[in-house]
K.L.:
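Got a structure for you, questions after.
Treat the numbers as computed from the prediction; the structure is a model and nothing was measured.
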Amino acid sequence: MSGIFGCLAFCAFTGLPTSCVPDTADRTVSDKTPVDYVNPYMGNISHLLVPTYPTVHLPNSMLRVYPERADFTGDRVAGLPLIVTSHRGSSAFNLSPWQGPEQGLLPVVQYSYDQEKIQPYRYQVYLDDTQIEVDYAPSHQSAVYNLIFAGNTPAYLVFNSRNGELAYDGKSVSGYQIINVDGYKYSNRNTRVYLYAETDIDAEKTGVISDVGQIDYQKQSVNGKDAALVLNFGDGVKRLGIRYGISFISAEQAKKNLEREIHTYDVNQVAATGKKIWNEELNKIRVTGGTEEDKVVFYTSMYRCYERPVCLSEDGRYFSAFDGQVHEDNGTPFYTDDWIWDTYRATHPLRVLIDEKRASDIINSYLRMAQQMGTNWMPTFPEVTGDSRRMNSNHAVATVIDAWLKGVRGFDLEQAYLACKAAIEEKTLIPWSAEPAGWLDDFYKEHGYIPTLKPGEKETVRNVSMWEKRQPIAVTLGTAYDQWCLSLIALELGRVEEAEKYLRASYNYRNIFHPETKFFHPKDKDGQFLEGIDYRYSGGLGARDIYDENNGYVYRWDVQHNIGDLISLIGGNEAFIQGLEEMFNEPLGMSKWQFYSELPDHTGNVGQFSMGNEPAFHIPYLYNYAGQPWKTQKRIRTLLDMWFRNDLMGIPGDEDGGGVSAFVAFSQMGFYPVTPGSPTYNIGSPVFEHMKMDVGNGHTFEIIAKNASKENKYIQSAKLNGVTWDQPWFSHSDIQNGGVLEVVMGPKANKSWGVGTPPPSAAPMPSR
């Protein structure tokens, strides 16, 4: 997804110092646990738009923090964070320790810092100009800070609510902050996050910052913008502990969350618990072989898949921004903060394999959101503040049917079908909009495509964003795929006529396929293909007048549900392979600065292919469908080595909370879900000699890749569950109760392996 709208938070080093690598240098290989391989700094310098964040949190937990900085090369950090309220969001609340004259106190202190060390479960830093050592560890809804002061002057803490209220009762700080998401009209403006905090030393006096460097000690509470409460601990304080709880329900609930989770000021104890929790999750997939760098990339990618969605249930209750109310969860946790356009492709399918219960809980959360919004429309970008409706299409339908066909049964499929159907039929298909369907939607239903404006034609359709545009090719292709997914749900429910209707609609991509150029090509409302289209550059900024974030070369392959039919349209296997090769070898055709000024999300280029953006992820696997699996094996290994590395620029595009990382994790393991909704996986090229995955109920799926190495990337032969296997895919049913894929790897391609039985595509279009 576009990084233009992200908030930046980076590490402040210009290289990759020892503090920015995993804590494994002094360990033997046998001593390392999976979380020891995680490097939160990987990708913290973006190639162009939004970097990764060195997030400190427990898996899928409400409380997340990372240092707030202007950009990676800056040398200042803005206070200490207490909670990041959304992926890419800024902190709610802020904590600024201080030792020195009161004149230096600000609502948020900007610190010079050094010796920073970040692990998924711990944050340590030295604020060098103030000589304060910081040590931090989180639980799920609470956390603890330890501060060490070097001086002898009075020590202070400044708690800041950027838009809210704070008060001190003589023992603890409590309050709230209103969370506003500027620019997103669908966000709930009444969402509040609450704080309860206590210290292991009582403050000598407290007050509020009334002006820069001035404290009013007559006041014990403050509200408004940059509401800053000061705790003065007097002289001689050398060590100070702070522990706090966070809630989206109330300050009282925040206190309960703290009391339930943390009973100490010992950071070591809380961090040890956090490390154990991380290893329990990451141990669901164990890899051996490969290089140490390969393992860092793999486990760091897995760590990023747990950053969202987050669980908002607190003692069986949760606040929902989708109706602004507090609800009972009735034993099913409520999850939000999930950008489905990014995560449906690989992040959700990965979760189905290793955490069926959470996958089910997330879908149930979608269904609650749909009801709470009053429309019964499935969400598209559910966040802490509501559904922001970003990007295009309604891909929650893919997450639903993919989980169902892979055996997840913990939700009501009929209810899900009605919500998915309503989101596609009743909500507009206009990108970034939550309005009811209108003229463009009626046009799509009648003609089977979204029309493109003619050259010079002004937009007249209400709710089309001046910035995001119609994205007609992306929306047509995405909706055709969604309708295919909807047809599968209808079929599961025995709604045969509706299944046939949506299966027929899933072929709408044919309506915009140009028979001469063999690309998906914009067509106006009169049914005419536009002339003068350059598939590299046309479409304006981000190609949004035609595509979205990627150009025509990438969207040429965006028919995930029916690759077989796409091969026929392009002209057969040979022409299909030739088209893939042309994409990977077509030059930018202009300078990089010109290309990226038009297509800033189209990063990680190999020719016109974009490794840095989600619609491209399945493309390297498409050789499997056209009789040349060895080229998939070669491409995948080349792309992994080229673009995903254990360094500060080790991710080529916007990570989007697991959207990119799940592709990496799957591809390193050696398989990938090209078509969510189809219970099948394409085989690629395993990086590790042995991968063992816990698929639940005591079962494991293993991939044994004999001789696998950097050079030995080609499959020579294979067996699945002891049977000779000569096809480049397998079904979920082959592994859901455990199984073993054995492959023999070699340095040169076996061009005859896997050519005879391509992965399955959609059912034929109904004749009537």
Side-chain angles (χ1 to χ4, degrees), residues 1-11 40-55 64 66 69 71-72 84 86-90 181 183-184 297 300-301 303-309 337-348 380-381 383 388 390-393 395 431-432 467-468 471 474 541-544 547-551 554-555 558 592 595-606 609-619 639-640 642-645 647-665 667:
M1 177 198 163
S2 172
I4 294 173
F5 308 95
C7 175
L8 303 181
F10 313 104
C11 175
Y41 292 100
M42 178 178 155
N44 281 191
I45 293 181
S46 170
H47 287 245
L48 196 60
L49 295 177
V50 179
T52 61
Y53 301 86
T55 309
R64 299 169 289 184
Y66 47 72
R69 337 181 206 264
D71 62 45
F72 186 87
V84 174
S86 67
H87 176 69
R88 295 186 181 178
S90 60
V181 184
Y184 299 122
V297 171
T300 301
S301 298
Y303 143 81
R304 298 223 174 268
C305 292
Y306 285 98
E307 189 168 347
R308 65 180 194 197
D337 199 23
D338 184 9
W339 296 358
I340 304 172
W341 187 89
D342 302 285
T343 57
Y344 87 90
R345 304 167 195 271
T347 319
H348 283 285
T380 56
F381 263 60
E383 302 189 50
S388 60
R390 295 187 241 190
M391 300 303 288
N392 59 63
S393 306
H395 295 320
W432 294 68
W467 169 257
E468 292 297 335
Q471 304 175 14
L541 184 58
R544 289 173 174 86
Y547 304 102
D548 180 31
E549 298 191 351
N550 299 273
N551 65 19
V554 169
Y555 275 98
D558 197 29
K592 285 186 178 180
F595 185 88
Y596 292 127
S597 67
E598 286 293 310
L599 293 161
D601 296 274
H602 199 295
T603 53
N605 282 84
V606 179
F609 172 80
S610 169
M611 189 69 263
N613 204 260
E614 284 84 356
F617 291 169
H618 69 291
I619 295 175
L639 291 167
L640 289 175
M642 185 182 299
W643 291 115
F644 301 100
R645 306 175 311 276
D647 62 47
L648 291 167
M649 296 186 73
I651 293 179
D654 297 353
E655 206 291 319
D656 292 326
V660 175
S661 291
F663 164 84
V664 179
S667 295

K.L.:
Which atom pair, heavy atoms only, marks the closest approach of Asp654 to Val50?
P.N.:
OD1-N, 3.1 Å
K.L.:
Please enumerate all residues that pass ring-ring contact (aromatic ring centres under 6.0 Å, His included) together with Tyr555, with sequence neighbours excluded.
P.N.:
Tyr547
K.L.:
Who pairs with Met649 by side chain to side chain contact (heavy atoms under 4.5 Å, CB included), at least two apart in sequence or on another chain?
P.N.:
Ile45, His47, Arg645, Asp647
K.L.:
We want to know whether Glu655 and Thr52 form a side-chain donor-acceptor pair, criterion being a heavy-atom distance below 3.5 angstrom.
P.N.:
no
K.L.:
Could you grab the distance from atom CG of Leu48 to atom OG of Ser597, nearest 0.5 Å is fine?
P.N.:
9.5 Å
K.L.:
When rounded to the nearest 0.5 angstrom, what is the spacing between CZ in Arg544 and CD in Glu468?
P.N.:
4.5 Å
K.L.:
Can you measure from OH (Tyr306) to OG (Ser661) and round to the nearest 0.5 angstrom?
P.N.:
12.5 Å
K.L.:
Are the side chain of Arg308 and the backbone of Asp656 linked by a donor-acceptor contact shorter than 3.5 Å?
P.N.:
yes
K.L.:
In Å and rounded to the nearest 0.5 Å, what is the CD1 to OG distance from Ile651 to Ser46?
P.N.:
10.0 Å
K.L.:
Between Thr300 and Phe644, does a side chain to side chain contact (heavy atoms under 4.5 Å, CB included) hold up when you go through it step by step?
P.N.:
CA-CA 11 Å; Thr300 301; Phe644 301 100; over 6 Å; no
K.L.:
Go through the structure and list residues passing side chain to side chain contact (heavy atoms under 4.5 Å, CB included) with His618, not counting sequence neighbours.
P.N.:
Trp557, Asp558, Gln560, Leu622, Tyr672, Val674
K.L.:
Sequence neighbours left out, what passes side-chain hydrogen bond (donor to acceptor under 3.5 Å, both in side chains) with His395? Give chain and number order.
P.N.:
Asp482
K.L.:
Within the side chain of Arg304, is there an N or O that forms a donor-acceptor pair under 3.5 Å with the backbone of Gly659?
P.N.:
no
K.L.:
Below 4.0 angstrom, N of the basic side chain to O of the carboxylate: do Arg345 and Glu614 qualify?
P.N.:
no
K.L.:
Quick one: pull up OH in Tyr66 and CD in Glu307 and give me the separation to the nearest 0.5 Å.
P.N.:
7.5 Å
K.L.:
By side-chain hydrogen bond (donor to acceptor under 3.5 Å, both in side chains), which residues pair with Ser301, not counting sequence neighbours?
P.N.:
none
K.L.:
Run the side chain to side chain contact (heavy atoms under 4.5 Å, CB included) check on Thr380 and Met391 step by step: do they pass?
P.N.:
CA-CA 8 Å; Thr380 56; Met391 300 303 288; over 6 Å; no
K.L.:
For the pair Asn392 and Trp341, evaluate side chain to side chain contact (heavy atoms under 4.5 Å, CB included) and give the outcome as yes or no after the intermediate values.
P.N.:
CA-CA 7 Å; Asn392 59 63; Trp341 187 89; 3.4 Å; yes
K.L.:
Quick one: are Pro54 and Asn44 in side-chain contact, heavy atoms under 4.5 Å?
P.N.:
yes
K.L.:
For His348 and Asp338, run side chain to side chain contact (heavy atoms under 4.5 Å, CB included): C-alpha distance rounded to whole Å, both residues' side-chain angles, the deciding distance at 0.1 Å, then the answer.
P.N.:
CA-CA 10 Å; His348 283 285; Asp338 184 9; 2.8 Å; yes
K.L.:
Taking all non-hydrogen atoms of both residues into account, name the closest pair between Asn605 and Trp643 and its distance.
P.N.:
O-CZ2, 3.3 Å
K.L.:
Could you tell me which residues satisfy ring-ring contact (aromatic ring centres under 6.0 Å, His included) with Phe617, sequence neighbours excluded, listed by chain and number?
P.N.:
Phe663
K.L.:
By side-chain hydrogen bond (donor to acceptor under 3.5 Å, both in side chains), which residues pair with Thr347, not counting sequence neighbours?
P.N.:
none
K.L.:
Between Thr55 (side chain) and Tyr53 (backbone), is there a donor-acceptor pair under 3.5 Å?
P.N.:
yes
K.L.:
For the residue pair Tyr596 / Asp601, report whether a side-chain donor-acceptor contact shorter than 3.5 Å exists.
P.N.:
no
K.L.:
According to ring-ring contact (aromatic ring centres under 6.0 Å, His included), who are the partners of Phe609, at least two apart in sequence or on a separate chain?
P.N.:
Phe584
K.L.:
Of all residues at least two apart in sequence or in a different chain, which pass the side-chain hydrogen bond (donor to acceptor under 3.5 Å, both in side chains) check with Thr603?
P.N.:
none
K.L.:
Under the rule for side chain to side chain contact (heavy atoms under 4.5 Å, CB included), what residues qualify as partners of Ser610, not counting sequence neighbours?
P.N.:
Asn550, Val554, His602, Asn613
K.L.:
List for me each residue that meets salt bridge (charged side-chain N to carboxylate O under 4.0 Å, His left out) alongside Arg64, sequence neighbours excluded, and say none if there are none.
P.N.:
Asp337
